[in-house]
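Chain naming here is simple, since letters A, B, ... match the order of the sequence lines and numbering starts at 1 in each.
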Amino acid sequence: MAERYTQKGVPGPNAPENTLTIPHLRAAIASGAASAGDVVGQCFRSIRERDGEIHAFLSLCEERAREQAARIDGMAAAGDALPPLAGVPVGIKDVLMVAGLPATAGSRVLEGYVAPYTATAVRRLEEAGAVTLGKLNCDEFAMGSSNENSAYGPTRNPHAPDHVPGGSSGGSAAAVAAGMAVASLGTDTGGSIRQPASFCGVVGLLPTYGRVSRYGLIAFASSLDRIGPLTNSVRDAATVLGVMAGEDPLDATSSAQPVPDYCGLLEREEGVNGLRIGVPAEYFGEGLDPEVRAAAERALDGLREAGAEIKSLALPHTRFAVPAYYLIATAEASANLARFDGVRYGYRAPHAASLSGMYRETRDGGFGAEVKRRILLGTYALSAGYYDAFYKKAQQVRRLLAEDFLRVFGAEVDAIVTPVAPTPAFKLGEKTEDPLAMYLADIYTVTASLAGICGLSVPVGCSAAGLPIGVQVLGTHFDEETVFRVGEAIERG
Amino acid sequence: MREQGSITRADVEHVAALASLALTPEELERLGGDLRSMLGYVAELEEVDTQAIAPLVHVSELFRSQAEGAGTLRADEPLASLLRAVVMDGAPATDGTFFKVPKVIER
C-alpha cells in the first residue's frame, strides 16, 4: 500500500523509502482512495507475514481495530471532518494500559493481566481517530537496551533479523520499521525510544518531562519515565505529539503549558537558517563507532548548508550521567516494583505457606534477571547508611547535568546534535553476559533523561553493513518546536 | 563511600530480603557479582564535588515555578473509581470482595 500513496514532499532522502506517513494516509482516506478498513487489513496481513520472525507484537486486537476503522470509514462516507489521526494504525508498547487488552510489561509477573482502564496518551490517540492494532514487545518493565529482557522472547531488527532492534521500546520501533504499523507509542526512561528508533531507522521522540501524561503507564522510574511516538517521519511525530500532549488531571506532573501547533510550525517551512546548533565534544569521544561519527557529521554538514550555525560546546558532567542514571532509575524502580507481590494482579507463586513467602516466591518466579539486578542495586542505594553516598549523590550530580544544558540553551545554542548510541544495532546475545557494557552504551541518551529536556532520534542513513544509524537532536524544556525544525532539516538531507 | 569490594554474600542476602526477593544460590552468586561491579562503577561519582549542590529530586522544579505558578495539584474532589468487580477480575485469588492471601494469623 505504501507506494500507491507516496506523494511529493516529506519525508526526504534520509527517511526510510516507500513508507506510509500520516498525511498520505489521511489524504487517501479522505479522498476515498483507500478505506481505514483496507489499511487496517493490510497491517494485519503484514503482521501475519512478518511478525512470526520479528516478534514485535505480544498481543493483537483485530476485531476491536476493525470496529475502530469502520467508525472512521463511516465518518468519511458521511463527509464528516476527519480527526487528525483518522484511520492511522498504531501499536502500543505493552507497558501502557488499554482497557480490555493485556498489559504484561514484558514480564511473567503480569502474564494474563488485562488492563482495567486506558492510559491518557492512548485515549487521546484513539479519540483522534487512531486504530490500535495490538500491544508491542519490550524489555521487561522497560529495563533494557536490546529487547532481550522480554519474558516473551526478543524482538528482531527488521533490517537484520540476527540483530537486536534496540530497547526497551524495541517492538515499537520494529513494528513501524517493518511496515506493520504507521506509528507506535514507546516509553523512554534512559533512551528507550531514541535508541531503538536509531537501530531500526525510524523517528523517535522523547518529549519534555511533563509534556505527555503518564497516567496508565506501568511505572519504572517515575521521575524519568516519558511516553513518546515512533514514526516514519518527523512530521508524523509532531502530529502524534500534538494529539497526546497537554495537562491531565490524572497526572500531577503533567504540565499546564499550552500545546503549540507543531505541524503548523513545520508547514511554515522556516527551516534552520540562523539557528545555532551545538556539538558537545563529550559526545564524540572514545568508543564512538566511526560510521556513527561520520553519519552525525553528515547531518551537521547538511544543517550548515541549510544555514545553521554549528558551534562547539562543553557539557562537562556528561561522563557522570550513566552512573547517576543507574542509581536514580534503579532506586525508583525498587520502590515502584514493590507493588508486584502476587496479591492484586498477574502471577502468584503457587503453594506458598506464608504471606511473606508468597511475596518472595512470586517476585522470584515473576521477575527476570535484569529486573532483579536493578531492584537489588536500587534497594542497596536506598538502604540505611548508603542513601547519602549513592542516591543523594546521584541527585546532586543530576542537578549539575541539568545545569550543563540550561547554561548553553538560549545563551549559546538553540539545539544540540549528537549521536544516539555509540554503535549501530548489535547482534542478539552479543552483550547479554555483560550488563555493565550494556549500561555504558546508554551514554548519549541518559543525559536528556536526567535533565528532563526533549530529544529526537532521526535516521541519517545506514552503515556499510546496512544497519540504520540515527542522530539525536536535543532541545530545552518544552522546545519540541525547535527540535522538530532541526529534525526535519536532517530528514531532508 | 564504603569500599565496594567488601560486599559479602551476607550483604547481598540482606538486600534481597529487603526487596522481598527469594534468590537461589546461583542467583545470589551471579547477581551479587553484578551488584559488586555496578557499585564499583558508580563510585566514579565520588570525583564530583557536590558539597554545595542541592539534590535535584524532580526536574519539574527547573521549570514549573516560572510556567505554572504555585497550583500544581488538582482540586480535591471525589471522582468515580474503578469498579470493584473489574479490579477483582485481575487478581489471582479473591472472594469477590477481598483479595485472598495465605493465612497470616494462626489461631
Open item on the list: So, taking the atom named CD in A/E370 and the one named CG in B/D34, what distance separates them when rounded to the nearest 0.5 Å?
Closed with: 8.5 Å
Open item on the list: Using heavy-atom distances under 4.5 Å, tell me whether A/A402 contacts chain B through its side chain, its backbone, both, or neither.
Closed with: side chain
- [ ] Check whether A/A381 gets within reach of chain B through its side chain, its backbone, both or neither, counting any heavy atom under 4.5 Å.
- [x] neither
TODO: Side-chain contact test, heavy atoms from C-beta onward, threshold under 4.5 Å: evaluate it for A/R398 versus B/V59 and give yes or no.
DONE: yes
- [ ] Please tell me if the side chains of A/K372 and B/R30 come closer than 4.5 Å, counting only heavy atoms from C-beta onward.
- [x] no
Task: B/H58 versus A/S223, closest heavy-atom pair with distance - done: CD2-CB, 3.8 Å
Open item on the list: Report which part of A/L327 has an atom under 4.5 Å of a heavy atom belonging to chain B: side chain, backbone, both, or neither.
Closed with: side chain
Open item on the list: So, taking the atom named CD in A/E403 and the one named CG in B/L62, what distance separates them when rounded to the nearest 0.5 Å?
Closed with: 8.0 Å
- [ ] Using a cut-off of under 4.5 Å on heavy-atom pairs, state which of A/S334, A/A352, A/S354 scores highest against chain B.
- [x] A/S354
Task: Contacting moiety of A/A115, where chain B heavy atoms sit under 4.5 Å - done: neither
Open item on the list: Taking the side chain as everything from C-beta on, heavy atoms only, tell me whether B/L23 gets closer than 4.5 Å to A/L376.
Closed with: yes
Task: Toward chain B, the part of A/L450 with a non-hydrogen atom under 4.5 Å - done: backbone
Open item on the list: A side-chain contact here means heavy atoms from C-beta on lying under 4.5 Å apart; do A/L440 and B/Y41 qualify?
Closed with: yes
Task: Portion of A/V114 that has a non-hydrogen atom of chain B nearer than 4.5 angstrom - done: neither
Open item on the list: Taking side chain as everything from C-beta outward and backbone as N, CA, C, O, which of these in A/P435 sits under 4.5 Å from a heavy atom of chain B? Side chain, backbone, both or neither.
Closed with: side chain
- [ ] Would you check if B/V86 and A/Y117 make a side-chain contact, meaning some heavy-atom pair closer than 4.5 Å?
- [x] no
Open item on the list: Distance check, rounded to the nearest 0.5 Å: A/R319 atom CZ versus B/L45 atom CG?
Closed with: 10.0 Å
Open item on the list: Does any part of the side chain of A/F367, heavy atoms only, come nearer than 4.5 Å to the side chain of B/L21, both counted from C-beta?
Closed with: yes
TODO: Any chance you could measure B/I7, atom CD1, to A/Y380, atom OH, to the nearest 0.5 Å?
DONE: 3.5 Å
Task: Cationic N near anionic O, under 4.0 Å, A/R399 to B/E61 - done: yes
TODO: Report yes if some heavy atom in the side chain of B/T50 is under 4.5 Å from a heavy atom in the side chain of A/K392; otherwise report no.
DONE: no
Open item on the list: Would you compute the distance between atom OG of B/S60 and atom NE2 of A/H477 and round it to the nearest 0.5 angstrom?
Closed with: 9.5 Å
TODO: Under the ring pair (Phe, Tyr, Trp, His ring centres under 6.0 Å) rule, collect the residues that match up with A/Y326, sequence neighbours excluded.
DONE: A/Y439
Task: Contacting moiety of A/Y113, where chain B heavy atoms sit under 4.5 Å - done: side chain
Open item on the list: Under the criterion salt bridge (charged side-chain N to carboxylate O under 4.0 Å, His left out), I'd like the reasoning laid out for B/E27 against A/R373: C-alpha separation, chi angles, the key distance, then a yes or no.
Closed with: CA-CA 10 Å; B/E27 284 180 316; A/R373 191 177 283 128; over 6 Å; no
Task: Between OG1 on residue B/T24 and CG on residue A/D364, distance to nearest 0.5 Å - done: 6.5 Å
